[in-house]
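Numbered from 1 within each chain, the chains take letters A, B, ... in sequence-line order.
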Amino acid sequence: MIALALFTGFALILLGLYGALTNRDLIRMIVAFTIADTGVNVVLVAVGYLPGRTAPILDAAVPVAEAAARVIDPVPQALVLTAIVIGLGVTALMLAYAWRLFRARGSLDISDFTELKW
Amino acid sequence: MIPLSFLLALLVCAGALIAAGVALATASRATAVLGAGLVSLFASVLFVILAAPDVAMTEAAIGSGLTTFLFFFVMGRIRREGGK
Amino acid sequence: MSTRHILIAGLLGLLGLAFWHLAADYLPDAALNPTAAYYAAHAADQTGAPNLVTGIIITWRGLDTLGEVTVLFLTSAIVALVLAQSKAPAGAAGPGFLPAGELLATGTRMLLPLIALFGAYVIANGHLSPGGGFQGGAVLASGVLLALLAQPRMRIGHALLARVESVSGLGYILVGLAGLAFASGFLDTAFLPLGRFGALLSAGAIPLISVLIGLKVGAEFATILQSLEEGEDAAQEEDAA
Amino acid sequence: MTALGLAILTLGAVFLALGGLGLWRMPDTYTRIQAGTKATTLGTLLSMAGAGVLEPGWALKLALIVLFLMFTNPLSSQVLARAAHRARVPQAPQTVADALAEAEGEGAQ
Amino acid sequence: MSDAQRPLKLFATLLLFWMILNGSLAPDVFLAGLAISAAIAFLLPGGLSVLCGARLSLRGVGAALGFTGFFLRELVVANLRMAGLVLNPALPVRPAIVRVETRLTDPVARLLLANAITLTPGTLSVELSGRWLYVHWVVAETTDPQEATRAIVAGFENYLEVIYG
Amino acid sequence: MAEALLVPAVALGLGLVLAALRFLRGPHVLDRVVAFDGLTVISISALVLVALATGRGIYLDVALVYALLSFLGVIVAGRYLEGGE
């Protein structure tokens, strides 16, 4: 199952990067970027998973004494949690810039922004 | 227990990849945004299967609600201001 | 054009090859690494929080969280700034959606209190069950989003949001300093009693910090949503009318 | 008790599958919304009931999930149907009447 | 509906939901629930709950129970019919958007009516304007507003009129 | 019990696949939104199945988030598409 999640995550990263690099429409570039973002999160969570163990929350099902032997690694989860929240902020920032560009130029197609051409 | 989780994980992974493919291949912006929302929906179920409920909760609230809203709102404004 | 596509596909192919090796050779550890094992073993006596993720975010890695909340604040400020400097063309200002129907408006009035209550539940139980300040803040912001969708004119004032945001940020710093004064260091939550393990009011200052983070994150998201929703032009229109 | 819970759970899952089938087979957007909403609502209701029989300690929270869903699911369907009508999504050829379009036509004139 | 009662009813509903969510009767949970429910009821003056506008007499409660029972029965009937329709290879649909009339004025009651119609046999509320409710019907039996009202609305309306009279 | 849970899981998977096919096919954007709605509701039951299989009641909180918030994405899309694509 870890391998499955890893492959899915990596495939999402590659698909997202491909979309972000080849699209000419700003909105769709940002959509592709969020897909790659999700892929990174999936990979990180998959790396923290250990087979046969359970969520790092101690309750009746997981007593404190057995915790170290029964739960999975909580550190990647804490990392991903904050990454998702920051990801929303980054998306909002990109959309704000896209909107600003649209108001300045009346277009969302990056081939109209010649000074950015490579 | 393992076969059930594996079956659901398989479905969810396939669904996420298909949704990503739709999001990148479609000609319509709205469909692309919906595809991204679906990717994060499936990712959220995958997080629960991978025993990360905290992450799943964040992804469910942010990925399919707030991010979709941001996109659709900006697109609505652009449509109103006469974009193509 | 097409050469560019081939170039990109080739580069991504190389990247995919590297990923393939990473994923194919990946073997999960048999046991937790020392850091995680330490966290799992000392959750009860050091933080008092059954949810290890919340314990890590708020106590052991509290400084990172403080930095992250700051980054989010900067993001919301920059979004507002970027949008404030450009004006809509004449006649095109106003919301991008058509007015909502009666059913959605009534449904919103009934759902908003429930969403707010659920956000409070997620925040308050952050140390016991999945949840915490970030998730609860996102739920609260979803409530704001529903209000914006049903009644585009129904907004919380920017001044109120800014005040909530800054007061909770200040409170966060003050709680951190209290940890420095009464416990072992900055953002140490053990200056309040740990209480009974697994109760709602336990785990030292963790629920307090959760509430502050939840309010701060909710206010920041709401600011971002409202900036993207209205912008400067429509507000001026209202003033003129 | 376990057998009863599993039976209810399976019945609910079957209704969810029927909802998926309805989404796939129905001829136009409105009928798809109908099939999707009804079947998935009852399917979720039955699944939660089955899970509640299997784990009685979770019953309150499961009931709350059903309650929220029964409230939000018809609401979103209604918004979608309204959007479909406003966006002039074509209706199936078997459609016999459209009172809303007539009313809007009168209002416009 | 008196306006002074509305926040109070909202507060009671929220407190009930809080206790169900937590699933515990510990005193600290109850006190936190009191504070949070009061804060929400105070901060959201436009908020409504199912209780708002409802008649809390014996007759109202009886009607509410009757409504729930009737609704659940209709939900099951709706699904069996929908299953028959979907599994039928010929797919005998006869869709129409018909106009029906409602006498209800309380917003909560109108919303409950529309939601109930959406979840019951073959019908889906599309738009509500004034006293006219536009309903999409998968297998339309009639297009006449009077007959459609009798077939679709009357069953629920009788109960809702008693509860939210 | 874990083996017996496979039967509902397979039925539920069938529903997921059919709704995903509708998402893939379209043809109108609103059809995709309807499929999205169906997928979110079916996912709630999938989450409850995972919770049953692993025996952790805390996963239900995630299902609650779905039940209360997942319709927001659908409503946003519907409100946008009201004005045409």
Side-chain angles (χ1 to χ4, degrees), chain A residues 1-2 4-5 7-9 11-12 15-16 18-19 22-23 25 27-28 30-39 41-42 44-46 48-57 71-72 74 76-78 80-85 87-88 91-92 94-96 98-99 102-103 106-109, chain B residues 1-2 5-6 8-10 12-17 19-21 23-44 46-59 61-63 65-68 70-71 73-75 77-78 81-84:
Chain A
M1 201 152 66
I2 296 184
L4 190 64
F7 281 120
T8 311
L12 284 179
L15 279 173
Y18 181 77
T22 54
N23 264 318
D25 182 71
I27 298 272
R28 296 165 52 120
I30 302 172
V31 168
F33 182 85
T34 59
I35 290 175
D37 195 18
T38 313
N41 294 338
V42 170
L44 277 175
V45 170
Y49 183 74
L50 301 176
R53 294 189 175 212
T54 184
I57 297 171
V71 301
I72 66 167
Q77 293 191 19
V80 171
L81 193 67
T82 50
I84 293 174
V85 176
L88 178 68
T91 310
M94 287 194 289
L95 279 170
W99 189 8
F102 174 77
R103 275 194 176 164
S107 163
L108 280 173
D109 192 337
Chain B
M1 177 198 292
I2 298 302
S5 299
F6 188 77
L8 283 179
L10 199 68
V12 161
C13 287
L17 289 179
L24 296 182
T26 175
S28 137
R29 267 183 209 154
T31 308
V33 176
L34 281 176
L38 207 51
V39 168
S40 85
L41 180 90
F42 283 132
S44 160
L46 187 62
F47 288 147
V48 172
I49 296 173
L50 290 177
D54 282 282
V55 183
M57 201 181 235
T58 321
E59 182 80 46
I62 289 182
L66 293 176
T67 312
T68 317
L70 291 181
F71 278 111
F73 197 79
V74 170
M75 279 155 61
R77 292 304 294 257
I78 284 169
E81 289 173 17
K84 52 184 175 182

Shortest non-hydrogen pair, L24(B) vs A32(A), comes out as CD2-CB, 3.9 Å

Any chance you could measure S44(B), atom OG, to I84(A), atom CD1, to the nearest 0.5 Å? 8.5 Å

Once you round to the nearest 0.5 Å, how far does CZ of F7(A) lie from CG of L17(B)? 12.0 Å

Need one label for A78(A): side chain, backbone, both or neither, based on atoms under 4.5 Å from any heavy atom in chain B. neither

Sort I27(A) into side chain, backbone, both or neither according to what part of it lies under 4.5 angstrom from a heavy atom of chain B. both

Straight-line distance of L81(A) CG to T58(B) OG1, nearest 0.5 Å: 4.0 Å

Got a donor-acceptor contact below 3.5 angstrom from the Q77(A) side chain to the A51(B) backbone? yes

Heavy-atom distances under 4.5 Å only: say whether L50(B) touches chain A with side chain, backbone, both or neither. both

For V55(B), is it the side chain, the backbone, both or neither that has a heavy atom under 4.5 Å from a heavy atom of chain A? both

With side-chain contact (heavy atoms from CB on, under 4.5 Å) as the test, would you mind laying out the steps for T34(A) and F71(B) before giving the verdict? CA-CA 11 Å; T34(A) 59; F71(B) 278 111; 4.1 Å; yes

Residue part contacting chain B, namely of D37(A), when any heavy atom lies under 4.5 Å: neither

Please confirm whether the backbone N or O of T26(B) pairs with a side-chain atom of R28(A), one donor and one acceptor, at under 3.5 Å? yes

Spatial distance of atom CG (N41(A)) from atom CG (L46(B)) [nearest 0.5 Å]: 11.5 Å

Of all residues at least two apart in sequence or in a different chain, which pass the side-chain hydrogen bond (donor to acceptor under 3.5 Å, both in side chains) check with N23(A)? none

If every non-hydrogen atom of S40(B) is compared with every non-hydrogen atom of T38(A), which pair is closest and at what distance? CA-CG2, 4.3 Å

Which one of L15(A), L95(A), L12(A) has the most heavy-atom pairs closer than 4.5 Å to chain B? L95(A)

Which atoms of L50(A) approach chain B - backbone, side chain, both or neither, heavy atom under 4.5 Å: neither

Interchain contact, M75(B) with chain A, by part (heavy-atom threshold 4.5 Å): side chain

Between L88(A) and L70(B), is there a side-chain heavy-atom distance shorter than 4.5 Å? yes

Choice from A52(B), A36(B), A32(B) maximising heavy atom contacts with chain A below 4.5 Å: A52(B)

side-chain contact (heavy atoms from CB on, under 4.5 Å) between F47(B) and V42(A), intermediate numbers included: CA-CA 7 Å; F47(B) 288 147; V42(A) 170; 4.0 Å; yes

